[in-house]
Amino acid sequence: MLFSKMFIPTMKEDPKEAEVISHKLMLRAGFIRRLSSGIYTWLPLGLRSLRKVEQIIREEMNRKGAQEILMPLVQPKELWVESGRWEKYGRELLRIIDRNDRDLCLAPTHEEVVTDLVRREVRSYKELPLTLYQIQTKFRDEIRPRFGIMRGREFTMKDAYSFDMDESGAEHSYLDMYDAYMNIFARCGFKFRAVEADTGQIGGSFSHEFMVLADTGEDVVISCSNCGYAANLERAEIGFIGKEGMQKKGQYKRVETPGKKKVDEVAAFLGVTPATLVKTLIYNTDQGVIGVLVRGDREANETKIRSLIGFDWLELSDVETIEKATNGPLGFSGPIGLDIPLYADNDVCNMEDFVVGGNERDIHVKDVNVADFSVKGFFDLKIAEEGDPCPRCQNVLMAKRGIEVGHVFKLGLKYSKAMNATFLDKNGKEQFMVMGCYGIGVSRTVAAAIEQSHDENGMILPFALVPFEVDILPVNIAHEESMVLAKEIYNNLLDKGIDVVLDDRDERPGVKFKDCDLIGIPIRITIGERNLKDGNVEIKIRQEKESLKIKKEEVIERVLNYVEDFKRM
RNA sequence: CGGGGCGUGGCGCAGCAUGGUAGCGCGCUUGCUUUGGGAGCAAGAAGCCGCUGGUUCAAAUCCAGUCGCCCCGACCA
């Protein structure tokens with residue numbers, strides 16, 4: 001391509017609308033333009049990157065035997081009523097009405113349509129397993145679109161759905177997709193982790209999120225450097241070694257703590273550290289009011305409480321409930337003498353002579369020990385932090401920020417039951433299909449790549465995703481010899497199948513250098529009058545500081561070598 | 001939806017407390033000079049000051065409403 005003929009509107013200054021780096025750079029480098037909140041047009045450069053991601057995905061999905069289809073964006077209400085999601089999905093589902101007053105919606109996902117398709121067409125176990133996928137536009141009327149492409153309302157997603165005749169088949173399909181995802185993100189050149197994710201109501205261990213590691217990520221990934229354990233923060237377990245028999249009892253003393261409610265206030269007032277306190281959190285749950293005990297310097301993890309103890313829902317209690325349950329005001333709750341079920345975090349089991357609330361205004365109790373009250377048991381109930389022990393190997397856990405670009409999930413019978421997707425097994429017996437769904441945020445993947453890799457001059461996209469691999473930059477297009485050579489190299493590289501752009505614009509060299517860096521073209525060939533006198537051109541790699549002067553005859557070979565190196569990384 | 005902020009040539013902003021001529025930088029057009037890291041000189045084009053209503057002799061500026069966008073929280077690829 002000739003740069004002068006391409007639509008690449010770059011910007012020197014940061015646009016006001018952008019906050020995060022990927023958003024700024026995508027606007028500045030001419031990858032995207034905003035049409036409306038959370039809705040973007042992809043310009044030629046951005047689209048080239050997007051297509052590269054799509055292509056990698058297609059290849060890896062096809063390799064696993066998944067088959068590409070394309071389902072409608074506009075869908076009838078009836079299917080969504082059938083799955084129960086017309087009601088449940090909430091405002092995020094954009095509903096529209098056609099000229100005949102029929103209710104429709106813009107698809108945020110395609111479980112309904114794909115399940116409907118398969119239940120109509122697949123009757124026999126002989127046609128299973130089946131995995132279908134598509135790369136398509138989704139619309140989710142997000143509460144708050146932000147960060148440009150990262151959380152748009154309209155976005156490109158690859159979604160795949162597997163249908164199996166039984167659990168073990170479904171697990172096999174799941175592992176295939178997991179494997180495909182590992183390949184896809186590795187090929188994209190990411191530093192990433194597959195982490196165990198919360199499975200919500202469905203339960204089980206069959207949900208993984210694929211997180212691109214980046215300091216600006218919205219999610220936190222907890223991982224072990226030793227054994228490979230990795231989990232989303234909301235699910236991350238913590239290793240624990242309990243001490244033996246703490247038998248102290250009855251030595252506690254009530255102390256006045258006037259007006260001190262918060263852990264820090266109480267600790268400071270009593271001259272101890274927050275870690276010597278145990279806080280008592282009162283929750284409303286579907287099984288009544290409960291108390292959760294957590295060491296003063298740590299936070300309770302509601303997701304873990306929910307799943308470990310088996311509540312359908314829980315939320316922190318309001319003031320009235322606390323007063324009724326503890327006979328004391330907010331801020332002074334404690335386990336001693338409470339007759340609601342108490343669940344303690346593991347930490348508490350190892351603590352000695354700690355401080356708790358007195359269930360009475362301005363009173364706390366110190367020198368308390370575990371034997372002074374009774375709990376349902378000790379569990380892993382707190383939010384993991386860097387430095388905590390790994391649940392698998394007791395090594396130290398690390399916390400990193402990540403961007404979720406993919407999610408694999410075993411659905412089980414959820415949709416096949418709701419929508420009656422059945423087949424006849426070998427014995428002629430009707431069975432529900434066992435399903436799985438697997439998503440990749442394709443457009444987000446491009447943004448994540450930039451977020452993970454950039455510098456003060458612009459993008460440094462992974463080689464597999466770059467819009468162009470080589471930029472040929474003649475310093476002065478009026479210099480005939482430069483241009484002749486530039487075109488020769490250009491045509492030569494094109495013939496070799498390299499994505500090459502020739503910056504033939506009549507601009508000052510500085511402008512062309514800056515644009516090349518901003519877009520992050522990995523290999524730059526600079527052709528200048530001075531070097532050319534000695535038969536030399538210059539070659540520079542985007543992420544390296546120094547450039548290399550080489551004989552013009554060697555350019556093609558050098559470029560091809562670099563490309564090979566990049567592809568191997 | 002709750003909280004905060006912003007709408008002025010294509011982009012980034014000033015002007016607004018105290019109403020009266022719409023301004024700066026970048027970009028754009030033309031010419032000349034320049035040609036290794038966002039050039040210099042000269043001449044130009046381009047704005048319904050988000051929109052609607054009000055106050056006033058007079059509104060970018062004051063008042064009311066409205067629309068849009070961005071940021072912080074609850075949701076998610």
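Proteins get letters first, then strands, A, B, ... in listed order; numbering begins at 1 in each. All figures in this text were calculated on a predicted structure; none of them were measured in a lab.
- Nucleic acid contact for A:E142: base, since at least one base atom lies under 4.0 Å from a heavy atom of the residue.
- Going from the P atom of B:U18 to that of B:G9 covers 26 Å, rounded to whole Å.
- Looking at the side chain of A:F147, the nearest of the listed nucleotides B:C69, B:C71, B:G38 is B:C71.
- Straight-line distance between the C1' atoms of B:A46 and B:G40: roughly 23 Å, to the nearest whole Å.
- Residue A:D517 places a side-chain atom within donor-acceptor reach of the base of B:G37, judged by atom type and a 3.5 Å distance cut-off alone.
- For A:F210 and A:H208, the ring centers sit 6.0 Å or farther from each other.
- With a 3.5 Å ceiling on both atom-pair distances, the Watson-Crick or G-U wobble partner of B:A39 is B:U33.
- No hydrogens or angles were tested; on distance alone, a donor-acceptor pair under 3.5 Å links the side chain of A:R524 to the base of B:G37.
- Judged purely by atom type and a 3.5 angstrom limit, A:Q134 has no side-chain atom pairing as donor or acceptor with the backbone of A:D159.
- In this structure B:C51 sits in a base pair with B:G65, meeting the Watson-Crick or G-U test at under 3.5 Å.
- A side-chain contact (heavy atoms from CB on, under 4.5 Å) with A:I21 is found for one member of A:E451, A:M459, A:M26 and no other, namely A:E451.
- Residue contacts for A:V475: at a heavy-atom cut-off of 4.0 Å it reaches a base atom on one of the strands shown.
- Atom C1' of B:A77 sits at a distance of 34 Å from the matching atom of B:G50, rounded to the whole Å.
- Rounded to whole Å, the distance from NZ on A:K512 to C1' on B:A39 is 14 Å.
- Partner A:E218 forms a salt bridge (charged side-chain N to carboxylate O under 4.0 Å, His left out) with one of A:R401, A:R144, A:R151 and no other, that one being A:R151.
- Along RNA chain B, the nucleotide closest to A:Y40 and the one closest to A:I440 are compared, and the more 5′ of them pairs with A:Y40.
- In this structure B:C1 sits in a base pair with B:G73, meeting the Watson-Crick or G-U test at under 3.5 Å.
- Between B:G73 and B:G37, the two C1' atoms lie 43 Å apart (nearest whole Å).
- In B:A14 the base sits anti relative to the sugar, since the glycosidic angle is further than 90° from 0.
- Figure legend. B:G12 is base-paired to B:C24; pairs are counted as Watson-Crick or G-U wobble with both atom distances under 3.5 Å.
- Judged by atom type and distance alone, A:R151 reaches the base of B:C76 through a side-chain donor-acceptor pair under 3.5 Å.
- Along RNA chain B, the nucleotide nearest to A:R144 and the one nearest to A:E209 differ in position, and the one closer to the 5' end is contacted by A:R144.
- Across all strands shown, A:K12 has heavy atoms under 4.0 Å from base atoms, whether or not it also approaches the sugar-phosphate.
- For A:F513 and B:U35, the CZ to C1' distance is 11 Å, given to the nearest whole Å.
- Nearest to the side chain of A:H407, among B:G12, B:A77, B:C70, sits B:A77.
- Summarising the geometry, the separation between CZ on A:R508 and C1' on B:U35 is reported as 6 Å, rounded to the nearest angstrom.
- With no hydrogens or angles considered, a side-chain donor-acceptor pair links A:Y438 and A:S162 at under 3.5 Å.
- Taking the P atom of each, B:A43 and B:C24 are spaced 13 Å apart, rounded to whole Å.
- A:Y40 and A:H23 are linked by a side-chain donor-acceptor pair at a separation below 3.5 angstrom, with hydrogens and angles left out of the test.
- A donor-acceptor contact closer than 3.5 angstrom is absent between the side chains of A:D176 and A:S173.
- Look at CD on A:E17: it is 8 Å from C1' on B:C69, rounded to the nearest Å.
- Using a 4.0 Å heavy-atom cutoff across all strands shown, A:G528 reaches at least one base atom of the nucleic acid.
- Straight-line distance from the NZ atom of A:K533 to the C1' atom of B:G36: 13 Å, rounded to whole Å.
- Here B:C76 presents its P atom at 15 Å from CG of A:D141, a figure rounded to the nearest Å.
- Side-chain nitrogen and oxygen atoms of A:S36 include none within less than 4.0 Å of the OP1 or OP2 phosphate oxygen of B:G68.
- Between the P atoms of B:G10 and B:C6, the separation comes to 22 Å (whole Å).
- No engagement by A:Y438 is indicated, since no non-hydrogen atom pair under 4.0 Å with the nucleic acid exists.
- Residue contacts shown for A:G441 include a base, since a base heavy atom lies under 4.0 Å away.
- For the P atoms, the distance from B:A60 to B:G36 is 48 Å, rounded to whole Å.
- Searching all strands for a Watson-Crick or G-U wobble partner of B:U56 with both distances below 3.5 Å returns nothing.
- In this model, a side-chain donor or acceptor of A:E13 finds a partner on the base of B:G25 within 3.5 Å.
- Base contact: A:R28 has a heavy atom under 4.0 Å from a base atom.
- No donor-acceptor pair closer than 3.5 Å links the side chain of A:R48 to the backbone N or O of A:F468.
- For a distance-only test at 3.5 Å, the side chain of A:R34 fails to qualify as a donor-acceptor partner of the base of B:C70.
- Among the nucleotides B:C75, B:C11, B:G38, the one closest to any side-chain atom of A:M11 is B:C11.
- Residue side chain A:F155 meets the stacking definition with respect to B:A77: its ring centre sits within less than 5.5 angstrom of the base's six-membered ring centre, and the planes differ by less than 30 degrees.
- At a cut-off of 3.5 angstrom, counting only N and O atoms as typed in the model, there is a donor on one side and an acceptor on the other between the side-chain of A:N531 and the base of B:G36.
- Taking atom CE on A:M177 and atom P on B:A77, their separation rounds to 17 Å, with Å as the unit.
- Across all strands, A:G148 comes closer than 4.0 Å to no nucleic acid atom at all (heavy-atom distances).
- In this structure, NZ of A:K88 is placed 13 Å from P of B:C76, rounded to the nearest angstrom.
- Across B:C75, B:U35, B:G12, the shortest atom-to-atom separation from the side chain of A:E218 is found for B:C75.
- For the P atoms, the distance from B:A74 to B:C62 is 36 Å, rounded to whole Å.
- Side chain of A:E404 to backbone of A:E209: no donor-acceptor contact under 3.5 angstrom is found.
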